[in-house]
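Just below is one structure, and these are the notes that go with it.
Hydrogens, waters and symmetry mates play no part in the numbers below; they use all other heavy atoms, side chains included. Quick note on labels: first sequence line is chain A, next is B, and so on, each numbered from 1.
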Protein chains: 2
Amino acid sequence: MTATPAATVDMGLSVEKMEKVAFILKTTAHPTRIAIVQLLAAQESLSVSDISEKLNVEQSLLSHHLSGMKLKGILSSTREGKNIYYALKMREVIDVIQCLAACMFL
Amino acid sequence: MTATPAATVDMGLSVEKMEKVAFILKTTAHPTRIAIVQLLAAQESLSVSDISEKLNVEQSLLSHHLSGMKLKGILSSTREGKNIYYALKMREVIDVIQCLAACMFL
DNA sequence: CAAACTTATGAACAGTTGTTCATTTGTACA
DNA sequence: TGTACAAATGAACAACTGTTCATAAGTTTG
C-alpha cells in the first residue's frame, strides 16, 4: 500500500476500522479456515487430528493453517499429552461469520 | 485446493455457503476496496475520478480494483460522456461490511 | 481533425498464499 | 531405550495479488 486513503469515509467506518475489518476478512477468507472457525465455535477445543478428520484436510496443510491463524491471534493452542488442542481466541470471528452467513441470503 | 472438506459442518453453514462467504471475503478484503464499497453504499453511483479523489488513490490502481470488482460481480458500471460511473451491484456486500463493523467491537 | 480529458489495459515485478513433501520435534509407553 | 503416534517446520513451487508505469482507447470540444 502506498497511497493513503482519506482519513474517514462517508459512513461510520474509520480507516483503522476498515483495516481491522480487512484483516479479519483476509485471515478468514478461505473455506478451510472458515470451516475451522465453525468447528471451534461449536466445540470449544479440538485436536489437530480431530479437525483433520472432520474436515478431511491433510495433517501438514492443516497445521500450516492452524499455526497461521494462531500467529494472527485468532486461535490459541495447548498441548495435552500427544495432542495439541486448538481453540478460538478471537471470538469476534464467530460473530463475523455468523453475521455474514445470515445477511448474505435475504 | 485439493482435499475436499466434509459436505457439512456442525453449524448451519454448508460448504457452498462457506465458499460464497469466502468469496465475498476475499474480494472485499482490502482497505481500498472496502472504502469503495462504503462510498458506493452512500452514493448510488460515482465516477472513477470522484472515487479517486475521495479516496486519494491513483487512477490506474483504482481502475484495476474497480474492474476486478466488476468482473466478480460486485460492481456495475455505465459510461456517461467522458466519465464512467460505478455502482454497487451485489448489495449484500454492504450488509456484510456493516455487519462486520458492528459485531466486531462489542 | 487535433487536443484535452477520463478511464482501461498490459507488462513487469515484488510480495504473499496455498499446497506438497520430507523431515523433525515432542510425547507416551512397551 | 526404541518404536509409534501427533503435530510442527522448512524448502520448494505454482498461483495469485497489489502496485507502478507507460500506453491505448473512448469521448468531447475547439
Nucleotides 13-16 of chain C: which of its N/O atoms have a protein N/O under 3.5 Å away?
none

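- One can place CG of A/L62 at 10 Å from C1' of D/dA7, the figure rounded to the nearest angstrom.
- Annotation: the span from B/E53 atom CD to B/L46 atom CG amounts to 10.5 Å, rounded to 0.5 Å.
- Five base pairs at each end of the helix from C/dC1-D/dG30 to C/dA30-D/dT1 define two local axes, and these are offset by 0° (rounded to 10°).
- In this structure, A/L46 atom CG and D/dA6 atom C1' are separated by 15 Å, rounded to whole Å.
- Taking the side chain as every heavy atom from C-beta outward, B/Q43 and B/K54 approach each other to under 4.5 Å.
- Rounding to the nearest 0.5 angstrom, the gap separating the CG atom in A/L40 from the CG atom in A/D50 is 10.0 Å.
- Taking atom OH of A/Y85 as the reference point, atom C1' of C/dT27 lies 13 Å away to the nearest angstrom.
- For C/dT27, the OP1/OP2 oxygens have no side-chain nitrogen or oxygen of A/N83 closer than 4.0 Å.
- Atom CZ of A/R33 and atom CG of A/L66 lie 10.5 Å apart (nearest 0.5 Å).
- The CG atom of B/L55 sits 16 Å away from the P atom of D/dG18 (whole-angstrom rounding).
- Pairs passing the ring-ring contact (aromatic ring centres under 6.0 Å, His included) check and including a residue from residues 45-65 of chain B, sequence neighbours excluded, read B/H30-B/H65.
- One atom, NE2 of B/H30, and another, P of C/dT17, lie 12 Å apart when rounded to the nearest Å.
- Nearest approach of A/I36 to A/L55, heavy atoms of both residues: CG1-CD1, 3.8 Å.
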**Request:** Report, as a single string ordered 5' to 3', how protein heavy atoms within less than 4.0 Å touch nucleotides 21-26 of chain C: B base, S sugar-phosphate only, - not at all.
**Result:** BB---S
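- C/dA8 atom C1' lies 8 Å from atom OH of B/Y86, rounded to whole Å.
- Between C/dG18, C/dT7, D/dA8, one nucleotide has an atom nearer to the side chain of B/S49 than all others, and that is C/dT7.
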Could you list the donor-acceptor pairs under 3.5 angstrom formed by side chains in residues 73-86 of chain A, with sequence neighbours left out?
from, atom 1, to, atom 2, distance (Å)
A/S77, OG, A/K70, NZ, 2.9
A/R79, NE, A/G81, O, 3.1
A/R79, NH2, A/K82, O, 3.4

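- Where A/A29 and B/S67 each meet DNA chain C at their nearest nucleotide, the meeting point lying more 5' is that of B/S67.
- Going from atom CE of B/M69 over to atom C1' of D/dT17 covers 15 Å, rounded to whole Å.
- Here the CG-CD1 distance, from A/L39 to A/I51, works out to 6.5 Å after rounding to the nearest 0.5 Å.
- As rounded to whole Å, 16 Å separates atom P of D/dA7 from atom NE2 of A/H65.
- Atom OG1 in A/T28 sits 11.5 Å away from atom NZ in A/K26 (nearest 0.5 Å).
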